[in-house]
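Worksheet: one structure, shown below.
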There are 2 protein chains.
Amino acid sequence: MAKKTPYVILGLLSEEPLDGYDIKKRIDIRFRFFWNESYGQIYPELRNMVKLGWITSESGEGKKGKTVYAITDQGRNELKTWLHLPVETESLRLEILLKMYFASIGDPALMRGHVETFLAAHQKDLMILNMFKKELETIEDPYQNHQYILSVIDFGIKTNEAYLSWSQEALHMLRSKENRDEAK
Amino acid sequence: MAKKTPYVILGLLSEEPLDGYDIKKRIDIRFRFFWNESYGQIYPELRNMVKLGWITSESGEGKKGKTVYAITDQGRNELKTWLHLPVETESLRLEILLKMYFASIGDPALMRGHVETFLAAHQKDLMILNMFKKELETIEDPYQNHQYILSVIDFGIKTNEAYLSWSQEALHMLRSKENRDEAK
DNA sequence: GGCGGCATGTAAGTTGTTACATGATTAA
DNA sequence: TTAATCATGTAACAACTTACATGCCGCC
């Protein structure tokens with residue numbers, strides 16, 4: 001799988017110039033439900049992209065000033081080219097399902113703990129997503145991209161609702177297994 | 001994130017001894033909706049696990065015979081220990097959402113193509129999962145693990161249904177954007 | 001005066017993919 | 001007889017994580 005870090009960066013810079021720290025922060029906030037990047041990828045990649053001519057860097061006064069990156073025309077073209085490329089089939093890895101698959105090795109109470117943690121995490125995610133949605137509806141739409149962003153949020157809401165529904169059914173199943181075990 | 005390849009292998013071997021090729025095949029079939037491993041990980045890992053004493057290897061006659069691996073008591077303990085460990089927060093990366101987020105850079109027809117492909121792929125997945133479910137209900141349950149496996153399948157069904165529902169809404173949105181563009 | 005957040009990076013290590021190589025067996 | 005699948009690997013590469021290092025700035 002080809003790396004996509006440069007395109008996340010280009011996408012963010014297509015709105016406005018940012019420094020590396022801001023880029024990381026925005027990825028963490030906006031994309032946290034479906035994407036992540038580490039500093040170890042962002043900073044070296046920024047240098048590389050400058051070398052390629054996809055972005056330019058402007059350093060602040062002296063040594064202390066932060067370095068702000070801006071997208072170039074070529075960068076915009078690269079972004080567009082990538083948008084046209086077929087979406088690579090994502091390889092997701094859900095450890096909780098692996099554990100559930102092998103859960104008969106342990107006892108039901110064990111798995112119940114895992115599912116409860118999973119449920120709590122995704123309840124929180126769902127709340128945040130609903131907040132995002134409300135917020136987005138109140139602010140202006142200068143880049144005419146709100147409908148797309150809303151679609152991404154809706155994806156998050158739908159999948160997280162599916163996670164919650166599954167968690168509740170799984171807990172049901174696990175609890176009835178526990179009761180049966182006690183009764184034996 | 002610690003690697004989980006050894007535990008997938010242990011889980012499969014906890015049912016019956018297998019060779020490396022079979023292990024890969026079973027992962028591709030049973031876990032394809034939420035897990036994947038390559039030969040490049042499986043074969044070296046098998047050797048390593050033998051060295052650790054988690055599994056034993058028995059080679060067939062001569063050079064041609066295949067090597068069958070079996071789980072040891074220690075391996076069973078390692079598997080149980082891993083089952084108890086908290087589930088690591090999965091970092092999923094969905095390129096289609098990244099593209100949707102930045103879709104205003106291109107035109108709606110572009111994204112429509114991507115979503116249509118996504119929809120078709122997950123319709124197929126959903127069909128396969130439903131087949132799995134029916135099949136599981138007809139066969140015996142010697143390891144008393146069918147309820148757990150069913151729960152994993154249900155996870156797949158629920159999330160894929162969510163994907164389909166999202167795809168349809170997204171297509172709706174994209175088509176109305178296309179019509180508006182034409183009308184301009 | 002210290003804590004948290006801002007800001008930039010790197011080195012080392014781990015994990016995972018891809019492409020290739022080899023040869024046996026089996027079914028059309 | 002030839003294509004597909006079985007079966008086992010490895011080398012090179014690419015991607016990613018983690019932990020650390022450094023220093024600034026503002027505020028309580």
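Note that the structure is predicted; figures quoted are calculated from it, not measured. Excluded from the calculations below are hydrogen atoms, water molecules and symmetry mates; all remaining heavy atoms, backbone and side chain alike, are included. By convention in this document, chain letters (A, B, ...) are assigned in the order of the sequence lines, proteins followed by strands, and residues within each chain are numbered from 1.
The salt bridge (charged side-chain N to carboxylate O under 4.0 Å, His left out) search around B/Lys124 returns none, not counting sequence neighbours. The side chain to side chain donor-acceptor pair (under 3.5 Å) test applied to A/Ser165 returns B/Lys158, not counting sequence neighbours. Residues that satisfy the ring pair (Phe, Tyr, Trp, His ring centres under 6.0 Å) test with A/Tyr39, not counting sequence neighbours, are A/Tyr43. The side chain to side chain donor-acceptor pair (under 3.5 Å) search around B/Gln74 returns none, not counting sequence neighbours.
Non-hydrogen atoms lying under 4.0 Å from DNA chain C are contributed by A/Asp19, A/Gly20, A/Tyr21, A/Lys25, all within residues 15-31 of chain A.
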Short N/O separations, protein against nucleotides 15-17 of chain C, under 3.5 angstrom:
unit_1: C/dT15; atom_1: OP1; unit_2: B/Lys3; atom_2: N; d: 3.4
unit_1: C/dG16; atom_1: OP1; unit_2: A/Arg93; atom_2: NH1; d: 2.7
unit_1: C/dG16; atom_1: OP2; unit_2: B/Gln41; atom_2: NE2; d: 2.8
unit_1: C/dG16; atom_1: O5'; unit_2: B/Gln41; atom_2: NE2; d: 3.4
unit_1: C/dT17; atom_1: OP1; unit_2: B/Asn36; atom_2: ND2; d: 3.2
unit_1: C/dT17; atom_1: OP2; unit_2: B/Gln41; atom_2: OE1; d: 2.9

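Put simply, CD1 on B/Ile42 is 14 Å from P on C/dT18, counting in whole angstrom units. The CG-C1' distance, from A/Asn48 to D/dA14, rounds to 13 Å in whole Å. Here the P atom of nucleotide C/dA7 and the OH atom of A/Tyr69 are 13 Å apart, to the nearest Å. In this structure, A/Leu46 atom CG and C/dT8 atom P are separated by 9 Å, rounded to whole Å. Between the P atom of C/dT26 and the NZ atom of B/Lys66 lies a distance of 11 Å, rounded to the nearest Å. Distance B/Ile9 CD1 to D/dT8 C1': 14 Å, rounded to the nearest Å. When rounded to the nearest whole Å, the span between CD of A/Glu45 and C1' of C/dT10 equals 15 Å.
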Quiz: residues 1-12 of chain A side-chain donor-acceptor pairs under 3.5 angstrom, not counting sequence neighbours:
unit_1: A/Lys3; atom_1: NZ; unit_2: A/Glu45; atom_2: OE1; d: 3.0
unit_1: A/Thr5; atom_1: OG1; unit_2: A/Glu37; atom_2: OE1; d: 3.0
unit_1: A/Thr5; atom_1: OG1; unit_2: A/Glu37; atom_2: OE2; d: 3.3
unit_1: A/Thr5; atom_1: OG1; unit_2: A/Gln41; atom_2: NE2; d: 3.3

For residues 80-89 of chain A, dump all side-chain donor-acceptor pairs below 3.5 Å to protein atoms at least two apart in sequence or in another chain.
unit_1: A/Thr81; atom_1: OG1; unit_2: A/Asn77; atom_2: O; d: 2.8
unit_1: A/Trp82; atom_1: NE1; unit_2: B/Glu95; atom_2: OE2; d: 3.0
unit_1: A/His84; atom_1: ND1; unit_2: A/Lys80; atom_2: O; d: 2.9

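Relative orientation of the B/His122 and B/Tyr163 rings is perpendicular, given thresholds of 30° and 60° on the angle between their planes.
In terms of position on DNA chain D, the residue among B/Glu88 and B/Pro44 whose nearest nucleotide sits closer to the 5' end is B/Pro44.
Pairs engaging residues 12-23 of chain B under the salt bridge (Lys or Arg N to Asp or Glu O under 4.0 Å) rule: B/Glu15-B/Arg30, B/Glu16-B/Arg26, B/Asp19-B/Lys66, B/Asp22-B/Lys25 [sequence neighbours left out]. For residues 105-119 of chain B, the pairs satisfying side chain to side chain donor-acceptor pair (under 3.5 Å) are B/Arg112-B/Glu116, B/Arg112-B/Glu178, with sequence neighbours left out. Each side chain to side chain donor-acceptor pair (under 3.5 Å) pair with one or both residues in residues 129-141 of chain B, not counting sequence neighbours, appears once here: B/Lys133-B/Asp154, B/Asp141-B/His146.
In the helix from C/dG1-D/dC28 to C/dA28-D/dT1, the end axes, each obtained as the rotation axis mapping the C1' atoms of four pairs onto the next four within a five-pair block, lie 30° apart to the nearest 10 degrees.
No side-chain donor from either of A/Trp166 and B/Thr159 sits under 3.5 Å from a side-chain acceptor of the other.
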